[in-house]
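If you're wondering where the values come from, they're calculated on a predicted model, not measured in any experiment. A note on names: the letters A, B, ... follow the listed sequences, proteins ahead of strands, and every chain is numbered from 1.
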Amino acid sequence: MIPDDLEVIDFNRRLKSWYLENHRPLPWRETKDPYKIWLSEVILQQTRVAQGMPYYERFVEQYPTVFDLAAADERDVLRLWQGLGYYSRARNMHFTARQVANDHNGRFPETSEKLLKLKGLGQYTAAAIASFAFDEPVPAIDGNVYRVMARIFGIESDMLSNEGKKEFAAVARQLVSKDDPATYNQAMIEFGALQCVPASPNCMACIFKDSCFAYEHQMQGQLPVKIKKLTIKHRFLNYIIIRQGDRLVMHERRGRDIWKGLYDFLLIESKAPATNPDSLTILDPNFQNFLKKGRLTEVPKVYSHILTHQRLQVRFWWLEIPETERIDLPHGMAFYNHEEVEELPKPILIDTVLREENYL
DNA sequence: TAGACGTGGGA
DNA sequence: TTCCCAAGTCT
C-alpha cells in the first residue's frame, strides 16, 4: 500500500512525462506571481475550471495587483464574484488582500506554514501556492489528488475523516517531488482532472494501468471512499419586491445564513408554501404596513433553488408603491435605483428573477 | 468537529 | 428527477 522509494521514483517519472504531454495551458500556470496563483486557487476551490476561468480573467483585469484588490470595496468584490457561489471565499480573499497589502508590503508569505495563517487558505491552498510560486516541496492534496492516490495505491480509508486525511497526507509527503514540487503538484491535480476522472475513467489509456490497485481490482467506482452524511433542509422563501418608480427596496444579508454579504428583498420565510400573501402578514408586521400603501402582484412562477444543504422554494411578489406615498423602511433596508440594483452583489436567484421580470 | 456554505453540469 | 461532483475552508 505505501510505495517504496523505487516506486516513488518511477511514479514521479511517469507522472511528469504524462503531464508535460497532456496538460492544459491554463493562464495561472504561465506565471510565478503568487497573487495571481492565489486568485486562481481561491476561485477554483470546489469549482470547475470552466466555471472559474471567466472569473479569473475578470479579477486579474479589474484588480491586477494585490494593492488594487485591497483598495476595492468589499461590495464590488462580491459583485464581481456574483454567480460563483461560496461567497465567504470572496470576503476572505478581500480581507487577506488588505492584510498582505498593509502588513506585508504586498508580498505574500513564502512558506505554506505562514500562508496557512491567512484567511481563506487551508492546507490545500497554502501548499498549492507555496509549491507553485515558491517551489516548496509540500504536497497539495485536493479532491483530484485524493482520488488518484486512493485508486493507484489502494488507500481505502475515508478521505473526509480526520484519520483518513492523515493517511493520505503521509503517503503524499512521500510522493511529492523534492526537485520539482510545482510540476509534481500540478501534474497530480491535472492527472485526476483529465485521466483519473471520478466517473468511468478510461483506464485502457492510463499510464498506470499496469500498477493501479483500483484497476487491478476493478474498484474505480468504490475509490476514493467518501463517507458523507448530508441532510437537506427544505425552506420556503417569500420575497416582497417593494418598488417605487424604478427604485427597489433591498438590504444586505447578515448573520449566519446563506448569501451573507449579498443583497435581497424583504424576506418572509414560512414553514410551508405560502399561496396567498395574507398569510404572510401575520409573519411580518412590516409587510402589513407596506401592503396598505401599494398594490401587490404575484410573480406566477415558483422558483426552486438548490444549494448544497438546502432546497429552496421561492415565491416573489411585486409591491408597487405610488410615487406620492412616503414609507418608512425598517433598519437596514433602503431604496436603490436601477443602476444601483445592477451594481449590488445579489444571489444568482435574485439576479435571475429581476431579469426574467424585465427589470434588469 | 461535523455541518454549513453556491452554483452549474453531467449521467 | 435526482444524484453526484468540482483545484476546500470556516466555525
Side-chain angles (χ1 to χ4, degrees), chain A residues 23-24 26-29 36-56 78 81-93 95-96 115-132 139-148 158-165 168-169 172 182 185-194 196-201 221-222 224 226-233 235 253 255-262 264 303-312 314 345-352:
Chain A
H23 75 272
R24 297 163 291 181
L26 301 172
W28 46 87
R29 287 185 179 147
K36 289 181 180 166
I37 291 169
W38 167 66
L39 274 185
S40 74
E41 289 303 335
V42 175
I43 286 171
L44 291 171
Q45 286 167 7
Q46 296 286 280
T47 305
R48 285 190 173 77
V49 168
Q51 194 189 358
M53 179 75 80
Y55 287 85
Y56 173 80
L78 277 169
W81 195 271
Q82 181 177 302
L84 245 199
Y86 286 152
Y87 296 94
S88 65
R89 288 185 292 169
R91 298 195 309 269
N92 289 152
M93 196 171 82
F95 180 94
T96 291
L115 285 162
L116 195 51
K117 297 189 197 303
L118 301 176
K119 255 192 195 179
L121 304 212
Q123 283 294 150
Y124 164 74
T125 306
I129 297 171
S131 68
F132 299 157
I141 312 171
D142 74 338
N144 291 301
V145 179
Y146 278 115
R147 187 169 57 253
V148 172
D158 175 15
M159 62 172 264
L160 297 182
S161 73
N162 283 324
E163 314 90 82
K165 282 178 185 165
F168 278 94
N185 280 327
Q186 286 287 187
M188 283 292 274
I189 294 165
E190 192 76 338
F191 188 77
L194 297 184
C196 196
V197 294
S200 339
Q222 279 71 254
K226 282 177 158 180
I227 301 169
K228 52 181 181 302
K229 38 275 176 191
L230 190 67
T231 57
I232 307 285
K233 187 173 166 188
R235 297 175 71 178
R253 295 181 60 84
R256 266 190 265 300
D257 206 352
I258 56 173
W259 299 329
K260 183 178 174 188
L262 276 57
D264 64 0
Y303 290 83
S304 119
H305 192 76
I306 299 170
L307 297 78
T308 307
H309 288 78
Q310 300 187 27
R311 183 159 211 138
L312 273 28
V314 193
K346 302 168 286 296
I348 207 68
L349 169 69
I350 300 293
D351 193 83
T352 299

Sugar-phosphate, base or nothing in reach of A/R91, heavy atoms under 4.0 Å: nothing
Donor + acceptor pair across side chains of A/E41, A/Y124 (<3.5 Å): yes
Distance, P atom - from B/dG10 to B/dG6, rounded to whole angstrom: 23 Å
Sugar-phosphate only, base, or nothing, as touched by A/W28 at under 4.0 Å among non-hydrogen atoms: base
Residue whose nearest DNA chain C nucleotide is more 5′ - A/L121 or A/L44: A/L44
Sugar-phosphate only, base, or nothing, as touched by A/V49 at under 4.0 Å among non-hydrogen atoms: base
Length of the CH2-P vector between A/W38 and C/dG8, whole Å: 17 Å
Sugar-phosphate, base or nothing in reach of A/K260, heavy atoms under 4.0 Å: nothing
Sugar-phosphate, base or nothing in reach of A/K228, heavy atoms under 4.0 Å: sugar-phosphate
Sugar-phosphate only, base, or nothing, as touched by A/D257 at under 4.0 Å among non-hydrogen atoms: sugar-phosphate
A/H309 NE2 - C/dC10 P separation (whole Å): 17 Å
Touch class at under 4.0 angstrom, heavy-atom based, for A/L307 against every strand present: base
Parallel, tilted or perpendicular: ring planes of A/Y56 versus A/W28, cut at 30 and 60 degrees: perpendicular
Nearest-Å distance once atom P is located in both B/dA11 and C/dA7: 15 Å
Sugar-phosphate only, base, or nothing, as touched by A/G85 at under 4.0 Å among non-hydrogen atoms: base
Nearest-Å distance once atom C1' is located in both B/dT1 and B/dC5: 16 Å
Touch class at under 4.0 angstrom, heavy-atom based, for A/R24 against every strand present: base
Sugar-phosphate, base or nothing in reach of A/S200, heavy atoms under 4.0 Å: nothing
Non-neighbouring partners of A/R91 that pass salt bridge (Lys or Arg N to Asp or Glu O under 4.0 Å), sequence neighbours left out: none
Side chain to side chain, A/E190 and A/R24, heavy atoms closer than 4.5 Å: yes
Spacing of A/I306 atom CD1 relative to C/dT2 atom P, expressed in whole Å: 8 Å
5' to 3' contact window, DNA chain B with chain A (heavy-atom distance under 4.0 Å): B/dT1 to B/dG8
Atom pair distance, as rounded to whole Å: CD in A/Q46 and C1' in C/dC10: 13 Å
Gap between atoms OH and C1', on A/Y86 and C/dT11 respectively (whole Å): 15 Å
Residue whose closest nucleotide on DNA chain B lies nearer the 5' end, A/L230 versus A/P347: A/L230
Contact under 4.0 Å: A/Q45 side-chain N or O vs C/dG8 OP1/OP2: no
Rounded distance (Å) that lies between atom C1' of C/dC10 and atom CZ of A/R256: 12 Å
5' precedence on DNA chain B between A/A199 and A/G83 (nearest-nucleotide basis): A/G83
Distance, rounded to the nearest Å, where A/I37 contributes CD1 and C/dA7 contributes C1': 13 Å
Sugar-phosphate, base or nothing in reach of A/L349, heavy atoms under 4.0 Å: nothing
Sugar-phosphate, base or nothing in reach of A/I189, heavy atoms under 4.0 Å: base
First encountered from the 5' end of DNA chain C, between A/Q51 and A/G122: A/Q51
Straight-line distance of A/K119 NZ to A/L121 CG, nearest 0.5 Å: 12.0 Å
